[in-house]
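Any value given below was found using the heavy atoms of this structure, including those in side chains, with hydrogens, waters and symmetry copies removed.
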Amino acid sequence: VIEDGDTISTDGLVDFKYRDEHTQLTFSAGDVDGKTILTYHDGEGFFTTESGKGGEGKIIITTTNRNYPELVVNVLVCDGSEEYPYIISSADALSQIGKEDSKYTTSKSYKLGADIIFPIADDVSWTPISSFSGVFDGNFYTISNITITNESAPTGMESVGFISTLEKDAVIKNLYIKGLSINVADRANVGSVVGYNKAGTIQTTEVTGVISSIKTNLCYVGGIVGRNEADTTKAHIDRCGFEGKVVVKGFDDDEEPLNHNQVFGGVAGYNYGGVVSESYFRCVGEGQISIGTGLFGGIVGMNEEKDTL
């Protein structure tokens, strides 16, 4: 499995345990379903792929070994499309999504290829992916130890979560997040997975961890999504759950508690025209929910506009 724009060297690509020193190898690119996505550079010893072009390809190796006259290496080229998503298998690769000058843009499709564990350290924190409009498939793997603080979430980012804002028709699915820690102040929308869902879909996703939010003005906090808001299509939260501890407080400029400025829901803080189905919130241990003042709901804190629960 490689990515668009990568090269494949023929050195060490194939070897025989009892290869005769006179055995010769000839390389060529084969097609799959009439399409060829690999180009072989004869005499230079490598194959190239075209940027932005994904699919299935073959490397055909013809040999003078009578026992193995022809060998075929199947190659999958990922280009970030829904059909051929980029495979993410490390914390470094995950952290590149949405970064400036990275080909891992927020409009591409991604699929986890392994469990990802971030080290627990004071200098390791997560910067939320902003304005995501692609597909993120967790592939039922787990991301562990995501830590979000006021320092890691950029100033001016009003929505905070693993992903800051989920755009219309974007999808997050089949994801587990373990050991999440969010500790922020003065943010408008806070959720473990998404701060603000603008008519996207989050499904089969479960999170364990701690969410702490302090806000001097109106703030929506949810176990999965802070603000779940539909456009012409539904904002859908389906078969998701949050388990852990929640601390939500609001104060004015004189550090006095405010009334009804905090809205917390176990799954979604604020749900406007969206759908929340087959989802749950579970607090662990005694005293694991602390709400200063405001509105609180086991599933949704505030529900408007003929939403479906």
ask   = Can you name the residues that form a salt bridge (Lys or Arg N to Asp or Glu O under 4.0 Å) with Glu158, not counting sequence neighbours?
value = none

ask   = Between Lys108 and Tyr110, is NZ or CZ placed under 6.0 angstrom from the six-membered ring centre and within 45° of the ring axis?
value = no

ask   = So with a 6.0 Å cut-off around NZ of Lys168, is the heavy-atom count from everything else above 12?
value = yes

remark   = OG of Ser9 to NE2 of His41, rounded to nearest 0.5 Å, is 12.0 Å

task = Report the C-alpha separation of Leu76 and Tyr84 in whole Å, then their side-chain angles, then the decisive distance to 0.1 Å, and conclude whether the side-chain contact (heavy atoms from CB on, under 4.5 Å) test is met.
result = CA-CA 8 Å; Leu76 177 65; Tyr84 302 109; 3.6 Å; yes

request  = Test Tyr86 against Ile97 for side-chain contact (heavy atoms from CB on, under 4.5 Å), laying out the working first.
outcome  = CA-CA 10 Å; Tyr86 288 131; Ile97 299 177; over 6 Å; no

inquiry  = To check you understand the geometry: which heavy-atom pair defines the closest contact between Arg187 and Pro154, and what is its length?
reply    = NH1-O, 3.1 Å

query = Side chains of Ile224 and Val207: closer than 4.5 Å at any heavy-atom pair?
reply = yes

message = Parallel, tilted or perpendicular, judged at 30° and 60°: which one describes the rings of Phe162 and Trp126?
response = parallel

ask   = Would you say Val300 and Tyr280 are hydrophobically clustered, going by side-chain heavy atoms of ILVMFWY under 4.5 Å?
value = no

task = Without swapping roles, check the side chain of Ser95 against the backbone of Ala93 for a donor-acceptor pair under 3.5 Å.
result = no

Distance-only side-chain donor-acceptor flag, Asn174 / Thr204, under 3.5 Å = yes

task = Please name all residues satisfying salt bridge (Lys or Arg N to Asp or Glu O under 4.0 Å) with Glu206, sequence neighbours left out, ordered by chain then number.
result = none

task = State whether the number of non-hydrogen atoms from other residues, nucleotides or ligands found under 6.0 Å of Lys103 atom NZ is greater than 12.
result = yes

ask   = How are the rings of Tyr220 and Tyr270 set to each other: parallel, tilted or perpendicular (split at 30° and 60°)?
value = parallel

inquiry  = I'd like to check Ile148 versus Pro128 (side-chain heavy atoms, cut-off strictly below 4.5 Å). Are they in contact?
reply    = yes

inquiry  = Parallel, tilted or perpendicular, judged at 30° and 60°: which one describes the rings of Phe281 and Phe264?
reply    = perpendicular

inquiry  = Whether the side chain of Asn197 engages the backbone of Ala235 through a donor-acceptor N/O pair (distance < 3.5 Å, no angle test) should be reported.
reply    = no

request  = Nearest 0.5 Å please: distance from the CD1 atom of Ile129 over to the OG1 atom of Thr106.
outcome  = 8.5 Å

ask   = Looking only at side chains, do Thr142 and Ser144 share a donor and an acceptor under 3.5 Å apart?
value = no

task = Would you indicate whether the side-chain heavy atoms of Leu25 and Leu13 approach each other to under 4.5 Å?
result = no

ask   = Is it the case that one hydrophobic cluster holds both Ile146 and Val124, taking links as side-chain heavy atoms less than 4.5 Å apart, direct or via other members?
value = yes

ask   = Are Tyr141 and Phe136 co-members of a hydrophobic cluster defined by side-chain heavy atoms under 4.5 Å apart?
value = yes

key: Distance-only donor-acceptor check, side chains Ser277 and Asp238, under 3.5 Å   = yes

message = Taking the side chain as everything from C-beta on, heavy atoms only, tell me whether Ile211 gets closer than 4.5 Å to Phe242.
response = yes

query = Is atom CD of Glu44 surrounded by more than 12 heavy atoms (other residues, nucleotides or ligands) closer than 6.0 Å?
reply = yes

query = If two hydrophobic side chains count as joined below 4.5 Å and joins carry through other members, does Ile182 share a cluster with Val225?
reply = yes

request  = Would you check if Lys58 and Asn74 make a side-chain contact, meaning some heavy-atom pair closer than 4.5 Å?
outcome  = yes

query = Between the side chains of Asp92 and Ser90, does any donor sit under 3.5 Å from an acceptor?
reply = no

query = Ser152 side chain to Thr127 main-chain N or O, any donor-acceptor pair under 3.5 Å?
reply = no

